[in-house]
Each structure stands twice: as C-alpha cells, then as structure tokens.
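Every chain is numbered from 1 and lettered A, B, ... according to where its sequence line falls, protein lines coming before strand lines. This one's a predicted model, so the numbers in the text were calculated from it and none came from an experiment.
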Amino acid sequence: MAKDKLHQNNIVNNNKEPVDFVRRIIAADLAAGKNNGRVHTRWPPEPNGYIHIGHAKTVLLNYWIAKEFGGRFNLRFDDTNPEKESVEYIESIIEDLCWLGVDWEDRLYYASDYFEQLYEWAEKLIQAGKAYICDLSSEEISQYRGKAIQSGDKIITPPGKDSPYRNRSAEENLDLFRRMRAGEFPDGSKTLRAKIDMAHSNLNMRDPIMYRILRTTHHRTGDRWCIYPTYDWTHGQSDSIEGITHSICTLEFENHRPLYDWFLQQLAVFHPQQIEVTRMNLSYTVLSKRKLLQLVEQGCVDGWDDPRMPTLSALRRRGYTPAAIHDFVRRIGVTKSESIVDVALLEHCLRQDLNKHSPRVMGVLAPLKVIITNYPDDRVEYLTAINNPEDVTAGTRNVPFSKVLYIEQEDFMEDPPKKFYRLAPGREVRLRYAYLITCTDVAKDEQGNIKEIYCTYDPATRGGNTPDGRRVKGTLHWVSAPHAIDGEVRLYEHLFKKENPLLVDKGEGWLENLNPNSRIILTDCKLEPSLAEAKPGDRFQFERKGYFCVDIDSERAKPVFNRTVTLRDSWAKLIRREQGKKSDFSRSS
RNA sequence: UAGGGCGUAGCCAAGCGGUAAGGCAACGGCCUUUGGAGCCGUGAUCGAAGGUUCGAGUCCUUCCGCCCUAACCA
C-alpha cells in the first residue's frame with residue numbers, strides 16, 4: 001500500500017515537491033488503467049469579462065496537469081448566455097492566455113459548436129420520458145422547487161412538488177420542443193426541464209432547466225437559435241464530446257456534480273470525472289467578474305486593464321511577468337479549503353523575477369536640485385554604471401554627471417532623525433557610481449521651503465570609491481539636471497484598504513473600502529537619458545525606488561512609467577512603525 | 001432549515017497511525033557603492049470535547065465555526 005502511494009508520487013513528480021489531491025487522483029486513475037492511460041483537461045471560461053489572477057490559477061492547473069501527464073489541453077468558451085457575452089471578451093481572454101504561456105494547440109472550441117448535438121440529445125431525453133416542457137413561470141418554478149422560506153429566525157426548506165406539466169406525453173413534449181426551437185412561443189414562456197426528482201435533497205436535481213427561450217443574437221451563432229441550453233445541460237456533454245477525462249472546476253460546482261453525472265448516465269456517453277478545487281481569493285482586491293465589471297462600469301478604475309485591477313491584462317500593463325504568476329500559482333497549491341492568499345506572496349514572486357531580470361536605471365521621482373559648488377561649470381563626465389548586479393552579462397552603461405543634479409527630496413533632511421543616514425547639512429553621502437558629496441548649504445524660498453541645496457564633492461572619490469577607506473552610510477541615486485529627461489510616473493497601492501474588501505459594516509458597501517491613494521500620478525520626474533529609448537512594456541528597476549514598466553500611454557517626448565512594485569524598503573517600514581507607535585500613543589492619551 | 005464542502009502558526013500549505021515539511025509575512029543579526037539583493041536565526045500540539053490504540057493532526061463519536069446552493073448566470 002505504502003509502496004503504491006510512493007509509486008504514484010513518482011509518476012507525477014520525482015522531486016520532493018508535494019503532490020496535490022487532484023494530481024493524486026489522476027495518477028491513481030492512470031495506474032488503474034482508466035481512460036486507456038489518456039489525460040485530457042480543458043479550461044472553460046465564459047466570455048463575459050476579462051480574466052483575472054484567480055483564473056490564471058485554474059487554467060494553469062489544467063494546462064500543467066495535461067503537460068505533466070503527457071496529455072492534452074483544450075480551451076473551450078462556455079458561451080451559452082449571449083446576453084452577457086461578447087467577442088471583445090473572447091479576444092481578450094485569448095490574448096491573456098497567450099501571454100500567460102498557455103497552449104491549446106489547435107483545440108480552441110466553443111460550447112456553441114455543440115448546440116445542434118445538444119439539441120438532438122435533448123430530443124432523445126424527451127423521447128425517453130426523461131425531460132418535459134414546462135409552462136411554469138420563473139417564479140412558479142422556484143416555488144414548486146421548494147424555495148427556502150424565512151419563518152421567524154428560522155429558515156424552512158419545503159419539499160418540492162411536481163410541476164402540473166410534468167406528465168405530458170413524450171409526443172406532446174417533442175412537438176412543443178420543436179415549436180420552441182421554431183420560435184412559436186414568446187421568451188420565457190416555456191422551458192425544457194429534466195425529469196429527475198422533485199423531492200431530491202439536492203435542489204439541482206429537482207427538475208433542472210435545460211433550455212430557455214431567449215431571443216438574443218449570439219456572438220457566434222447569430223440568430224440561428226431562439227432557445228439556449230443552460231450551463232448544466234451544456235457543460236458535461238461538452239466535456240464528453242471533447243473526450244475530457246478530468247473536468248476540473250471550482251468548489252461552487254460541487255453541488256452540480258450529481259446532475260453532471262446524471263445527464264451523462266442518461267445519454268450513456270463518455271463520462272468525464274468532475275473534480276472541484278477551491279477558487280483563489282487575494283487580499284486587498286476582489287476576484288469576481290461581476291464586481292470587477294462594476295468597478296469598470298462605475299468608473300472606479302479606468303478600465304479592465306487599469307493597472308490597479310487584478311485582471312491579467314492589467315497586471316501585464318503594470319509590469320507583472322508570466323514567470324512571476326507561474327511561480328505564485330505553483331506556490332499557493334491546490335486544495336479544497338477556502339482561503340484568501342496574501343498579496344504579499346504574489347509581490348514576493350514578482351520581485352524575485354524582476355530582481356533577476358530588470359536592468360537598473362536611475363530616476364528621481366520628486367526632484368530636489370543639488371549644486372556641486374566646487375565642480376567646474378561646463379564639465380560633463382560619463383560614469384560607468386552596472387546594468388544589473390544580478391546578471392553580469394547585462395553589462396554597463398555610461399551616465400552623465402555635471403555640476404547641477406537632482407536627488408530625491410526625501411533623501412535630504414535639514415534636521416534628520418536618528419537612523420536617517422542620507423543627506424543633511426554637514427553630512428557626506430555617496431552618489432551612486434559618482435562621487436561622495438557633502439552638504440554645505442540650503443537655499444529656501446520665502447515660505448521656508450527648501451529650494452535647492454549646495455554641496456561640495458571630493459574629486460578623489462570618482463566612481464564612489466574612497467581611496468582612504470572612509471565609510472559613508474548612505475548611497476543616493478541622482479540624475480544630471482541638464483541631461484535629465486522628463487517623465488510621468490504612476491504609483492500604485494492596493495486597490496482596497498482592507499485585506500478582505502467584502503467585509504463591510506452594516507449599511508456600508510464594499511466600494512467604500514476602495515483605497516483613495518491607490519493611484520498617485522507624479523508628472524515632474526527626472527530620468528536618466530538612457531530611458532529616452534524605452535518602449536511600452538519595457539521593465540526597469542529604478543534604483544532604490546522599485547520596479548517600473550513603460551505604460552502604453554507613453555509618448556516619445558514624455559514617457560510614462562507604471563510602478564510595478566516597490567523594492568522592499570526597511571527604512572519605510574521603520575518609519576511606518578515609528579508613526580504607528582506615535583499614533584497609538586496619541587490615541588491612548 | 002435541507003443538501004454539499006471546509007477547519008494544521010498572521011497568510012498559504014505538507015502530513016495518508018509513529019511522535020508537526022516548506023514558502024510568504026513578522027522579528028533579530030550578518031553583509032552591502034541600491035536602507036535592494038544575498039546569508040543566518042526565531043514561532044504551532046493540529047476548531048473543541050470524548051473514545052479506539054503501546055502510540056492520533058491522521059481512525060470513531062458528538063459538538064462548534066465558516067463557506068457554497070436554494071437563478072429560465074456560469
């Protein structure tokens with residue numbers, strides 16, 4: 001027994017990475033000779049919105065499993081509700097999946113491809129007395145099903161009762177069904193229902209709806225149909241047609257599995273196995289197409305690809321890499337327990353990848369002018385900077401240095417606190433790859449705001465080295481003023497203030513948890529001249545500030561950068577902690 | 001309420017009767033021409049209570065909590 005288990009593990013995985021329950025099931029099926037050793041998965045998105053990071057988890061799970069077991073993977077659009085679906089969404093989903101690196105080869109399918117087959121099967125069920133046409137209204141059906149009733153503080157679940165149309169003859173049902181298809185009846189006036197069991201403890205088995213009348217133009221089948229199959233009637237059969245062996249879906253479909261199985265049994269066709277896994281939740285955001293749509297429609301964000309959104313197109317625009325998402329999905333695992341994954345893990349995976357691959361540049365986000373008083377007026381030096389200390393093959397570049405520079409406003413303090421080891425009057429710091437400078441003077445305007453500062457440089461420290469071995473605590477990034485290019489930088493924070501935005505106090509809505517600082521636009525940034533060449537999608541690390549990606553709004557004269565993610569910042573953390581302490585103190589006193 | 005599912009550290013998650021992996025976060029420290037990166041170190045008796053067993057996170061019973069469904073959406 002123990003040996004068997006070990007053997008199963010070996011099939012899927014010869015390193016020590018734990019194997020999840022889904023892969024375990026598949027390995028066991030394979031070992032038992034099920035499906036002739038075939039593994040075939042699929043991912044069935046409904047094209048009714050853009051896909052998000054949560055979807056990335058389930059597609060990758062399906063795609064990877066197929067690859068690992070030497071099987072196949074299909075992409076199938078579950079397009080049975082034309083009212084909500086569109087080609088825009090189909091196109092975006094395909095684009096996002098390609099970017100993610102998911103490959104369905106030539107197996108791109110649509111549930112709507114199977115409408116005719118589904119219709120024939122429906123007739124077959126009718127003829128077998130397993131389905132009937134029902135004239136009950138939507139509200140009546142719900143009533144007959146045994147809709148839960150609130151009685152006092154208790155909820156009562158009445159048993160279902162048969163529809164008065166339940167015992168129509170097969171002939172009558174067939175006739176009515178054909179006339180439904182022919183368009184003889186108004187929308188919503190009739191449905192085709194499976195004849196199962198109105199007393200079943202699982203509500204899904206109480207004569208579920210298979211077809212509804214709906215005169216809506218379908219994005220693929222046009223006006224060919226005025227009746228559309230429901231999800232339950234479509235899904236399992238589509239899986240069966242495609243020869244899917246393992247149909248992986250999310251937990252909320254667990255209740256539907258008996259129905260999934262029932263239809264396939266009645267039709268006596270190939271029977272895939274449905275396996276449910278938990279859906280991903282991420283902290284500080286929402287992952288529900290309905291809610292994301294709401295954010296878009298209400299203008300809370302600029303669109304589906306607004307870099308604050310958790311959609312794949314937004315993450316791509318913001319600068320996320322497919323590799324980071326792969327790593328993240330791999331790390332969170334596959335289980336059935338409901339969870340909210342900490343977005344910090346995603347950001348960790350991102351930094352990990354970006355650190356290895358992003359060229360480093362210098363950019364000053366909030367500039368403060370520095371004048372090197374002992375530096376010759378017209379002199380310009382080109383100093384050598386390392387492009388990526390994590391990657392020697394990335395080489396070096398030359399950065400211009402001159403008498404007037406910009407440094408970050410926050411890197412200078414007139415009256416610095418204890419652990420601040422950047423620039424202050426009388427203090428010496430290093431300008432990265434350049435010189436050590438000492439602040440000698442501060443110029444202010446009438447309001448007392450610091451206008452510019454004056455420093456001297458030590459010519460012996462070219463490149464940032466100290467021949468005498470003296471040490472400086474701080475190293476600052478900088479940009480030569482006459483050489484700098486202007487740029488716009490968009491800083492992003494979490495879209496929501498709360499870890500779980502859906503947790504709201506009574507009388508409040510989740511939209512009130514939106515973070516008002518989720519986007520801050522800086523328009524007066526000074527960037528090193530090499531950035532003039534940057535193209536949309538290019539990624540960089542701005543030294544000491546974070547990872548940035550050129551936005552599609554960029555223009556040659558004025559590049560726009562999205563902050564993908566900050567660097568880990570122990571100084572910022574220290575400050576936050578201090579402030580936290582202070583505010584705690586003031587609150588309690 | 002009925003049916004289905006879940007409950008291992010702040011967050012994920014291994015564990016499959018033999019005495020609690022790993023990652024993220026957090027907190028210390030080392031190192032550092034990014035307060036970056038890297039390196040080292042620090043934490044749980046497993047929802048609760050009973051029971052079976054030489055031995056239980058793992059088996060049984062009861063209880064508690066949370067989630068899903070109750071759509072002619074998927």
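Considering only side-chain atoms of A/Ser201, the nucleotide from B/A37, B/A2, B/C68 that sits closest is B/A2. Closest to the A/Ser138 side chain, of the nucleotides B/C72, B/G3, B/U34, is B/C72. When the nucleotides B/A71, B/A74, B/G36 are ranked by their closest atom to the side chain of A/Ser142, B/A71 comes out on top. Picking from B/C12, B/C24, B/G36 the nucleotide with the shortest atom distance to the side chain of A/Arg331 gives B/C24. Relative to the side chain of A/Arg471, the nucleotides B/U34, B/U33, B/C12 differ in distance, and B/U33 lies closest. Listed nucleotides: B/C72, B/A13, B/C12. Nearest to the side chain of A/Thr191: B/C72. The side chain of A/Arg360 sits closest to B/G36 out of B/C73, B/G36, B/G3.
Cation-pi geometry between A/Arg220 and A/Tyr110 is met: the NZ or CZ atom falls under 6.0 Å from the ring centre, inside 45° of the normal.
Taking atom P in both B/A25 and B/G15, the straight-line distance is 24 Å, to the nearest Å. Here the separation of B/U62 from B/G41, taken at their P atoms, is 46 Å to the nearest Å. Annotation: B/C63 and B/U69 have their P atoms spaced 26 Å apart (nearest Å). Here, B/A14 and B/A9 have their P atoms 13 Å apart, quoted to the whole Å. Of the P atoms belonging to B/A48 and B/C27, the separation is 29 Å, rounded to the nearest Å.
Per the geometry, CG belonging to A/Leu293 stands 13 Å off C1' belonging to B/C73, to the nearest Å. Separating the CG atom of A/Leu574 from the P atom of B/G36 is a distance of 11 Å, rounded to the nearest angstrom. In this entry the distance linking OH of A/Tyr231 with P of B/U69 reads 13 Å, nearest Å.
Contact of A/Glu254 with B/U69 (side chain to base): no donor-acceptor pair of N or O atoms is detected under 3.5 Å. A donor-acceptor contact under 3.5 Å links the side chain of A/Glu390 to the base of B/G36. Residue side chain A/His256 reaches the base of B/A74 through a donor-acceptor N/O pair under 3.5 Å, judged by distance alone. A donor-acceptor contact under 3.5 Å is formed by the side chain of A/Asn465 with the base of B/U33.
The structure places NE2 of A/His200 at 9.5 Å from CG of A/Leu259, a figure rounded to the nearest 0.5 Å.
At a threshold of 4.0 angstrom between heavy atoms, the contacts of A/Glu139 with the nucleic acid are absent.
Using a 4.5 Å cut-off on side-chain heavy atoms (C-beta onward), A/Thr80 and A/His235 make no contact.
Close to B/A26, at under 4.0 Å from its OP1 or OP2, lies a side-chain N or O of A/Lys573.
Look at A/Asp239 and A/Arg76 and you find a salt bridge, because one of the NZ, NE, NH1 or NH2 atoms lies within 4.0 Å of a carboxylate O, short of that distance.
With A/His477 as the fixed residue, the side-chain hydrogen bond (donor to acceptor under 3.5 Å, both in side chains) test singles out one of A/Glu528, A/Glu408, A/Lys545: A/Glu408.
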